[in-house]
Amino acid sequence: MKIATWNVNSIKSRLEHVKSWLAAQKPDVLLLQELKGLDFPAADFASLGYKSAAVPQKAYNGVALLSRHGIKVELESLPGDPADEQARYIEATINGLRIIGIYAPNGNPVDSGKFPYKLAWLDRLKTRLEALRREEIPLAIGGDFNIIPEPRDCYDPAAWAGDALFRPESRAKLRAMLNLGYTDAFRVFNREPEQYTFWDYQAGAWPRNNGIRIDHFLLSPGAADRLKSCVIDREPRGRDKASDHTPIVAELSA
DNA sequence: ATGGCTTTATGCTAAAGA
C-alpha cells in the first residue's frame with residue numbers, strides 16, 4: 001500500500017501537477033493540504049480512478065484525501081475545540097488502516113495569538129493520537145506538521161532559531177507524539193542531513209537547496225512493522241509554477 | 001534584509017504563508 005502526502009499550496013493552481021503525478025506514481029492514497037478554496041475538483045480525480053473526501057475552507061487551509069480504495073470518513077475536524085473552524089484535519093479508514101491527514105498551524109509570528117493556537121492544536125493532536133494508541137488502532141498520519149524536528153532538518157538552524165517551526169516548544173510537541181510510540185517513517189531509512197520537503201519561493205531557496213523538512217509521516221507500531229520504504233520525491237518541486245512543498249511517499253506491505 | 005515570491009478574495013490592496 002503506497003501512501004503519499006503533499007501540501008499543494010492551492011489545488012486550483014496545482015491541479016495539472018497533481019493529476020500528472022498521480023498518473024506517474026499511482027499511489028493508493030494521497031493526502032493533500034492547503035487546498036485554499038471551497039471548490040474541490042473531485043471529478044478530475046474520479047476520472048483517474050480516485051475516490052476523494054475533502055474538508056475545504058474559503059481562501060485558506062483545507063485538507064483532502066484521495067484513494068483508489070473505498071474511504072470511510074471517521075472525522076472531519078480535530079477533537080478538543082468546537083470553536084476551531086479551521087479546516088486542518090481529516091481522518092478515515094482505508095483498507096483496514098486508519099489514515100489521518102493534517103495541516104498543522106504555522107504559528108508565526110510567535111508573539112501573536114497564532115503561536116499559542118499552534119501549540120494548543122498540537123496538544124489536541126497528541127490527545128487524539130494517544131486515544132488511538134490506547135485502542136491499538138494501526139495508523140498512518142501524514143501531512144504538513146509545520147515543525148522542523150532537528151537541526152539536521154534545516155539548512156540554517158541559527159536563522160530559524162526563533163521561528164515557530166523550529167522553536168523548542170514546537171519541537172517538544174512533535175517529540176511528545178513520537179514518545180507515544182509513533183515512528184517518523186522517513187528517518188527509518190534515511191539519517192542524512194539536507195533531506196527537505198519545503199523550499200521558499202523567495203531568494204533562490206530551491207536552486208540553493210535552502211530547505212526545511214516539515215512534512216512527515218508518523219506510524220503506529222502496527223503500521224511501522226509494515227513499512228517498506230519512505231522517500232521524498234523532489235521532482236514536482238522543480239516544475240514550472242510548483243508548490244513550495246514536495247511529496248513524501250511511504251510504502252507499507254500488504 | 002526591511003520577507004526578496006505566490007495565492008486568494010462579492011478583490012484592485014491586504015493577509016497569510018514558512
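Reminder, nothing fancy here: chain letters follow the sequence lines and each chain counts from 1. Note that this is a predicted model, so its numbers are computed, not measured. Heavy-atom basis, side chains included; hydrogens, waters and symmetry copies ignored.
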Engineer: Mind calculating the distance between CD1 (Ile11(A)) and P (dT8(B)) to the nearest angstrom?
Structural biologist: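 Nearest whole value for this atom pair: 11 Å.
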Engineer: To the nearest Å, give me how far apart CZ (Phe115(A)) and P (dA18(B)) are.
Structural biologist: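 Going from Phe115(A) (CZ) to dA18(B) (P), I get 15 Å.
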Engineer: Send over the distance from Asp39(A) CG to dT10(B) P, rounded to a whole Å.
Structural biologist: 13 Å
Engineer: Which part of the nucleic acid, if any, lies within contact of Asn61(A), taking any heavy atom under 4.0 Å across all strands shown: a base, the sugar-phosphate backbone alone, or nothing?
Structural biologist: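 Result for Asn61(A) = nothing.
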Engineer: Just N and O in the side chain of Lys36(A): are any of them under 4.0 Å from OP1 or OP2 of dA16(B)?
Structural biologist: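 Result: no.
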Engineer: Between dT6(B) and Arg14(A), is there an OP1 or OP2 to side-chain N/O distance shorter than 4.0 Å?
Structural biologist: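 The answer is no; no side-chain N or O of Arg14(A) sits under 4.0 Å from OP1 or OP2.
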Engineer: Between dT10(B) and dT6(B), how many Å separate the two C1' atoms, rounded to a whole number?
Structural biologist: 23 Å
Engineer: Salt bridge or not for Arg128(A) and Glu91(A), using N-O below 4.0 Å?
Structural biologist: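 Yes.
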Engineer: When the distance from CZ of Phe198(A) to C1' of dA16(B) is rounded to whole Å, what number comes out?
Structural biologist: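 It works out to 12 Å between those atoms.
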Engineer: Could you work out the separation of dG3(B) and dA16(B) based on their P atoms and round it to a whole Å?
Structural biologist: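 These two P atoms come out 16 Å apart once rounded.
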Engineer: Looking at side-chain heavy atoms only, is the closest gap between Asn108(A) and Leu165(A) below 4.5 Å?
Structural biologist: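 In short, these two side chains touch, coming nearer than 4.5 Å.
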Engineer: What interatomic distance, in whole Å, is found between P of dA18(B) and the corresponding atom of dT7(B)?
Structural biologist: 14 Å
Engineer: Would you measure the distance from the P atom in dT13(B) across to the matching atom in dT2(B) and give it in whole Å?
Structural biologist: 26 Å
Engineer: Under a 4.0 Å N-O cut-off, is there an ion pair linking Lys12(A) with Asp39(A)?
Structural biologist: no
Engineer: So, is Ser10(A) near the phosphate of dT6(B), with a side-chain N or O under 4.0 Å from OP1 or OP2?
Structural biologist: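 Checking dT6(B) against Ser10(A), no side-chain N or O comes under 4.0 Å of OP1 or OP2.
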Engineer: Do side-chain atoms of Asn190(A) reach the backbone of Arg187(A) as a donor and acceptor pair under 3.5 angstrom?
Structural biologist: no
Engineer: Take Asp163(A) and Glu34(A), find for each the nucleotide of DNA chain B with the closest heavy atom, and name the residue whose nucleotide sits nearer the 5' end.
Structural biologist: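 This one resolves to Asp163(A).
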Engineer: From the set dT8(B), dG17(B), dA18(B), return the single nucleotide nearest to any side-chain atom of Tyr201(A).
Structural biologist: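 Out of dT8(B), dG17(B), dA18(B), the nucleotide with an atom closest to Tyr201(A)'s side chain is dG17(B).
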Engineer: At less than 4.0 Å, is any side-chain N or O atom of Asn108(A) found next to OP1 or OP2 of dA18(B)? Yes or no.
Structural biologist: no
Engineer: Can you check the distance between dA1(B) and dC12(B), where both ends of the measurement are the P atom (answer in whole Å)?
Structural biologist: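 Straight-line distance between the two P atoms is 33 Å.
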Engineer: Distance check: side-chain N/O of Tyr103(A) vs OP1/OP2 of dA18(B), anything under 4.0 Å?
Structural biologist: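 Yes, such a contact exists.
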Engineer: Given dA18(B), dA15(B), dT7(B), which nucleotide is nearest the side-chain atoms of Tyr60(A)?
Structural biologist: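 For the Tyr60(A) side chain, the nearest candidate turns out to be dA15(B).
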Engineer: Looking only at side-chain atoms of Gln202(A), point me to the closest of dC5(B), dA18(B), dT10(B).
Structural biologist: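 So the nucleotide nearest the side chain must be dC5(B).
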Engineer: Can a side-chain donor-acceptor contact be found between Ser10(A) and Glu34(A) if the only test is distance below 3.5 angstrom?
Structural biologist: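 Looking only at side-chain atoms, Ser10(A) and Glu34(A) do not form any donor-acceptor pair under 3.5 Å.
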Engineer: Once you apply a heavy-atom cut-off of 4.0 Å, does Ala203(A) come out as touching a base, just sugar-phosphate, or nothing?
Structural biologist: base
Engineer: Kindly indicate whether the side chain of Leu65(A), heavy atoms from C-beta on, has any atom under 4.5 Å from the side chain of Leu30(A).
Structural biologist: no
Engineer: Over all strands shown, is Phe166(A) touching base, sugar-phosphate only, or nothing at heavy-atom distances under 4.0 angstrom?
Structural biologist: nothing
Engineer: Is the shortest side-chain N to carboxylate O distance from Asp244(A) to Arg237(A) below 4.0 Å?
Structural biologist: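 Salt bridge: no.
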Engineer: OP1 or OP2 of dG17(B) sitting under 4.0 Å from any side-chain N/O of Lys114(A)?
Structural biologist: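 Checking dG17(B) against Lys114(A), a side-chain N or O does come within under 4.0 Å of OP1 or OP2.
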Engineer: Go nucleotide by nucleotide along DNA chain B from the 5' end; which of Trp160(A) and Lys241(A) gets its closest nucleotide reached first?
Structural biologist: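 Final value for this comparison: Lys241(A).
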Engineer: Could you tell me how far apart Leu15(A) (CG) and dT8(B) (P) are, to the nearest whole angstrom?
Structural biologist: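 Going from Leu15(A) (CG) to dT8(B) (P), I get 12 Å.
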Engineer: Under 4.0 Å between any heavy atoms, over every strand shown, what does Lys118(A) touch: base, sugar-phosphate, or nothing? Just pick one.
Structural biologist: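 Since no nucleic acid heavy atom lies under 4.0 Å of Lys118(A), the category is nothing.
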Engineer: In whole angstrom, give the distance that lies between atom CG of Asp244(A) and atom C1' of dT6(B).
Structural biologist: 8 Å
Engineer: Indicate whether OP1 or OP2 belonging to dG17(B) is found under 4.0 Å from a side-chain N or O atom of His245(A).
Structural biologist: no
Engineer: Within less than 4.0 Å of OP1 or OP2 of dT7(B), is there a side-chain N or O belonging to Ser243(A)?
Structural biologist: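 For dT7(B), neither OP1 nor OP2 has a side-chain N or O of Ser243(A) closer than 4.0 Å.
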Engineer: Closest approach to the side chain of Lys58(A), judged atom by atom: which nucleotide of dA18(B), dA9(B), dA16(B) is it?
Structural biologist: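 Closest nucleotide among those given: dA9(B).
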Engineer: Quick one: the side chain of Asp200(A) and the base of dG3(B), do they pair up donor-acceptor inside 3.5 Å?
Structural biologist: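 Result: at least one qualifying N/O pair found.
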Engineer: Report which part of the nucleic acid Asn210(A) touches: base, sugar-phosphate, or nothing (heavy-atom distance under 4.0 Å, all strands).
Structural biologist: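 It contacts nothing in the nucleic acid.
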Engineer: To the nearest angstrom, how far is Lys12(A) atom NZ from dT6(B) atom P?
Structural biologist: 17 Å
Engineer: Given dA16(B), dT8(B), dC5(B), identify the nucleotide with an atom nearest to the side chain of Ala59(A).
Structural biologist: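 Selected nucleotide (nearest to the side chain): dT8(B).
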Engineer: Output yes when Arg213(A) and Asp184(A) qualify as a salt bridge under the 4.0 Å nitrogen-oxygen rule, no when they do not.
Structural biologist: yes
Engineer: Just how far, in rounded Å, is C1' of dA18(B) from OH of Tyr196(A)?
Structural biologist: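 Value for this atom pair: 15 Å.
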Engineer: Please classify the nucleic acid contact of Asn146(A) as base, sugar-phosphate, or nothing, using heavy-atom distances under 4.0 Å.
Structural biologist: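 It contacts sugar-phosphate atoms only.
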